[in-house]
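Heavy atoms only: backbone and side chains are in, while hydrogens, waters and symmetry mates are out. Bear in mind that the values here come from a model prediction, so they are computed numbers and not experimental data. Letters go in sequence order (proteins before strands), and every chain restarts at 1.
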Amino acid sequence: MNRAFLIIAGLILWALPAGCGPDPAEEKPAAPPAESAPTAPAAAHGSRAHPVTAQTRQTYQFYCAQCHGTEGHGNGINAPYLTVPPRDHTKADYLETRSDEYLFTAIQKGGLAVGRAPCMPSWEYTLDKDTIHSLVSYIRELCRCEAL
Amino acid sequence: MNNPKHFFLTGVFLVIAVTGSAGAMAAPALVKEKQCDTCHRFASGPAEKEQYGPDLFFAGDKFQKKWLENFLQHPEAIRPAGHTRDPGFLKGQRRTEPHPVLNSQETRQMTDYLMSLKTLKESPPLNLPALSKGARVRVKILFERDYSCIACHQSYNLAGLPRGGVSGPSLLDAGNRLRPEWVYQWLKNPKAFATQGRMPLYRFDEETLKQLTQYIMSHTKDDPGQ
């Protein structure tokens, strides 16, 4: 009987659309692209147009760490409750497949706007463009990677 | 003012004027006695480091009186991860000392005081109609999908079970706890209450604002299934 329950529970979990809520309207976010090259060498961040400042790090801690964790590992306090885990910003193998523009749009317009999970909110009205650019630089620092 | 009688009368008048105008607004000695102000702010301004309790200087705008009376006698956790100013907030290590408990007489006095603390210049009653079934579906999708609210706030799933993130205050009993007028103002302009919060800023149109408010107000512990 326990076994049957587990199987049913498993089926239900499997059938849940990947998203922030179990609504039928939710589309499954695009699967991450196939990984390829090994970790890229750490880039020269100093040369970025929008450098990482103390303010950038503070912004990340204040807003992003709730989900992405204080060190960007995707293990913030909300993480256990989300149907799609927050992206691990220290993992190069995914982030190097994404352009800076893509990361900018994901932050500014939210997960849905780039075909990913809605649990990633839009920060368009909270953060100005320069701050978002500097957050992209910070994520590049965390993953020690650049777009391929 | 050379007439001593005048002087006396003016004095009496002054005393009445001062106590009268301060009246309900004067912090009762109870606030100091119970040290509520070591954890809570009763006036806006910069927060002290140790003040890791929610701001109360707009308590009269925010809370329903009945809920407040109950909370002061039977405090409950609302923010599963603690307040955002709690030093352990991001680490999942909220402070866990028990909240002070007031007796019924203290509660009456404290509730009257808290309900007198307001920042909204005016807050006309909202009188929102109940959500139609269609509107409810629309706003639930907004709450759980388009606006990611559920990623930070506990709400109910279709089976009436709690689900959602923990960095924001739980909304499970919002319908008993909060005043709809305040929820509406919070969603419209949270900066009126907190200069900087960890919740993203949104720009809702008037209809969405009202529907979101109504949706939040429909969350109660007594009727989680709806």
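A distance-only check finds a donor-acceptor pair linking the side chain of A/Asn78 to the backbone of B/Ser167 [under 3.5 Å].
Relative to the six-membered ring of A/Tyr81, B/Arg163 misses at least one condition, a distance below 6.0 Å or an angle of at most 45° to the axis.
In this structure, the portions of B/Gln196 lying under 4.5 Å from any heavy atom of chain A include both its backbone and its side chain. For B/Phe89, the parts lying under 4.5 angstrom from a heavy atom of chain A are both the backbone and the side chain.
Heavy-atom pairs under 4.5 Å with chain A were tallied for B/Gly197, B/Gly168, B/Gly92; the largest tally goes to B/Gly197. Each of A/Trp123, A/Tyr63, A/Tyr125 has some count of heavy-atom pairs under 4.5 Å with chain B, and the biggest count is that of A/Tyr125.
Environment of CD in A/Gln55: sparse, with no more than 12 heavy atoms of neighbouring residues, nucleotides or ligands closer than 6.0 Å. Other residues, nucleotides and ligands contribute at most 12 non-hydrogen atoms within 6.0 Å of the CD atom of A/Glu71. Atom CD of B/Glu122 sits in a sparse spot, with 12 or fewer heavy atoms from other residues, nucleotides or ligands closer than 6.0 Å.
Atom-to-atom distance recorded for A/Ile77:CD1 and B/Cys152:SG is 8.5 Å, nearest 0.5 angstrom. Going from atom CZ of B/Arg145 over to atom SG of A/Cys119 covers 11.5 Å, rounded to the nearest 0.5 Å.
In plain terms, the two heavy atoms of B/Ser148 and A/Pro118 that are nearest each other are OG-O, 2.7 Å. Residues B/Leu201 and A/Thr126 share a closest heavy-atom pair of N-OG1, 2.8 Å. Residue B/Arg198 comes nearest to A/Gln66 through the heavy atom pair O-NE2, 2.9 Å, listed as atom of the first residue, atom of the second, then distance. In terms of heavy-atom proximity, B/Leu90 sits nearest to A/Thr70 at CB-CG2, 3.9 Å.
Qualifying ring-ring contact (aromatic ring centres under 6.0 Å, His included) partners for A/Tyr102, counting only residues two or more places apart in sequence or in other chains: none. Residues passing the side-chain hydrogen bond (donor to acceptor under 3.5 Å, both in side chains) test with B/Tyr202: none are found, sequence neighbours excluded.
Close approach to chain A, defined as a heavy atom under 4.5 Å from one of its heavy atoms, is seen in B/Ala81 of residues 51-81 of chain B, taken by number.
Applying the salt bridge (Lys or Arg N to Asp or Glu O under 4.0 Å) definition to pairs two or more places apart or across chains, those involving residues 100-114 of chain A are A/Arg48-A/Asp100, A/Asp100-A/Arg140, A/Lys109-A/Glu124.
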